[in-house]
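Notes follow the structure.
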There are 2 protein chains.
Amino acid sequence: MREMGAKRDELVERVTDWAWQHGLVGLSLRPVAAALGTSDRMLIYHFGSKEQLIVEILRCSAARSSQELRSLPASASPRQAVLDQWRLRTTERQAQCDRIYVEAATLGLFGQQPYAAEVIAMNEVWLDAVRLHLVSSGVPADRSRDIAELVDAALMGFELDRPLTTDQPVGLVALAQAVEALAAAPR
Amino acid sequence: MREMGAKRDELVERVTDWAWQHGLVGLSLRPVAAALGTSDRMLIYHFGSKEQLIVEILRCSAARSSQELRSLPASASPRQAVLDQWRLRTTERQAQCDRIYVEAATLGLFGQQPYAAEVIAMNEVWLDAVRLHLVSSGVPADRSRDIAELVDAALMGFELDRPLTTDQPVGLVALAQAVEALAAAPR
DNA sequence: GATGGTATGTAGCAGTCGCTACAGAAATCC
DNA sequence: GGATTTCTGTAGCGACTGCTACATACCATC
């Protein structure tokens, strides 16, 4: 496993850019390399294998998106926090990143090595960012963990179906209302 | 486009079985055919193309799972309905079918022909089954549509992350509580 | 018993896949 | 300045992809 080289770091960023636009599933070395002005030969040289390259994409992708969520300003209410998180996630950038995540799940990467450990860590970081934003928007801390899980899961579900309609999902309003109620209700 | 032949109908069922176990993403004709005791040659003969074969798998898969949900008995309360739907979806059979659905979404099938129209119809049927079960479990009809969307999205989201943990997601309880509250609350 | 659709096996085409062997440049170190 | 390490191009391997051409059965109908 080689770790050195600024060339490699630059490649990770650019390959991740490519994956955000074109997805993970159909990814094959030659087209990616061509788009980056290099060759499959070089990708294997720098990363050792396609598998390792994908690990790097996942890491880079997760780091980017979590940071974006963490820099989202607090919302005026729990209800509004849900709507604002949805707005962020339907941003083209975030949607592309979510796509990577779903693709990884789909490919069965979540259950198997060497991805499993990576993804669990990534997910923890992401979920914590969701939670923190909810807390800073008025969700009581002692309920923030399960509400964050609910919000994250529901938004992911809405996003999966997004290509099916052009409208905002009606379930989103229900989610926002539900979160407002959960935040106010006793445990 | 050929439509005749009981052989073909039998093949659809068996190919769908295979897809439920092995997924849609890596599907290639020769291994599938071998597992079914036939040849890639015959699959192309009966279905015309791999693309058409996948359309048939999606149809068959959706028909099976919707029927299973429709035969789920009514629950004692909206809260319990959520838990019961989760129990159904974490059944191996249903989880496999959900996987097919997610894979189709992942592969970008949802936005493009010839899949788009198919999938929209499938999703409508499925969502209606979710809605009906909720209504029969005490959710008021005039709120059933958006609550169903919420439940479906959230359960799908939970399921995506299921390989990450062995525990029941804590967000599930929050979802159940939220649905109970939404069912009781005024619009 | 000839005819025509249904079904199937064999062989192969043209392309892609991840990856490697071999060689040569360029830079860095002793 | 020789040696070593880092980087890159060319060419190709063996496996696999969806799909097709060609031949050959089976089986029903007339």
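In the text below, chain A, chain B and the rest are named by the order of the sequence lines, each starting its count at 1. What you see is a predicted model, and the numbers here were worked out from it, not measured in a lab.
For the pair L43(B) CG and dA7(C) P, the computed distance is 14 Å after rounding to whole Å. Summarising the geometry, the separation between OH on Y45(B) and C1' on dG5(C) is reported as 8 Å, rounded to the nearest angstrom. With rounding to whole Å, M42(B) atom CE is found 5 Å from dT8(C) atom C1'. Rounded to an integer number of Å, the gap from Q52(A) CD to dG18(C) P is 16 Å. Spacing between atom NZ of K7(B) and atom P of dC27(D) amounts to 11 Å, rounded to whole angstrom units. To the nearest angstrom, C1' of dT8(C) lies 17 Å from CZ of R8(B).
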Name each donor-acceptor pair under 3.5 Å that joins a side chain in residues 15-36 of chain B to protein atoms two or more places apart or in another chain, with its distance.
from   : atom 1 : to     : atom 2 : distance (Å)
T16(B) : OG1    : V12(B) : O      : 2.7
D17(B) : OD1    : R64(B) : NH1    : 2.9
D17(B) : OD1    : R64(B) : NH2    : 3.1
W20(B) : NE1    : S61(B) : OG     : 2.7
H22(B) : ND1    : W18(B) : O      : 3.1

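A search for side-chain contact (heavy atoms from CB on, under 4.5 Å) contacts involving L182(A) returns R143(A), I147(A), L150(A), A174(B), Q177(B), A178(B), not counting sequence neighbours. Residues passing the side-chain contact (heavy atoms from CB on, under 4.5 Å) test with A129(B), sequence neighbours excluded: L69(B), R70(B). Qualifying side chain to side chain donor-acceptor pair (under 3.5 Å) partners for E51(B), counting only residues two or more places apart in sequence or in other chains: none.
Between dT8(C) and H46(B), a contact under 4.0 Å exists linking OP1 or OP2 to a side-chain N or O.
Here the nucleotide nearest the side chain of S39(B), chosen from dG9(D), dG9(C), dT8(C), is dG9(C).
Comment: D40(A) does not engage K50(A) in a salt bridge, judged by the lack of any side-chain N to carboxylate O separation of less than 4.0 angstrom.
Applying the ring-ring contact (aromatic ring centres under 6.0 Å, His included) test to every pair with at least one member in residues 90-130 of chain A, sequence neighbours left out, gives these pairs: Y101(A)-F110(A).
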Pairs: protein N or O with nucleotides 16-20 of chain D N or O, under 3.5 Å:
from    : atom 1 : to     : atom 2 : distance (Å)
dT17(D) : OP1    : S28(B) : OG     : 2.4
dG18(D) : OP1    : L29(B) : N      : 3.4
dG18(D) : OP1    : K50(B) : NZ     : 3.0
dG18(D) : OP2    : L29(B) : N      : 3.0
dG18(D) : N7     : R30(B) : NH2    : 2.7
dG18(D) : O6     : R30(B) : NH2    : 2.9
dC19(D) : OP2    : K50(B) : N      : 2.7
dC19(D) : N4     : D40(B) : OD2    : 2.5

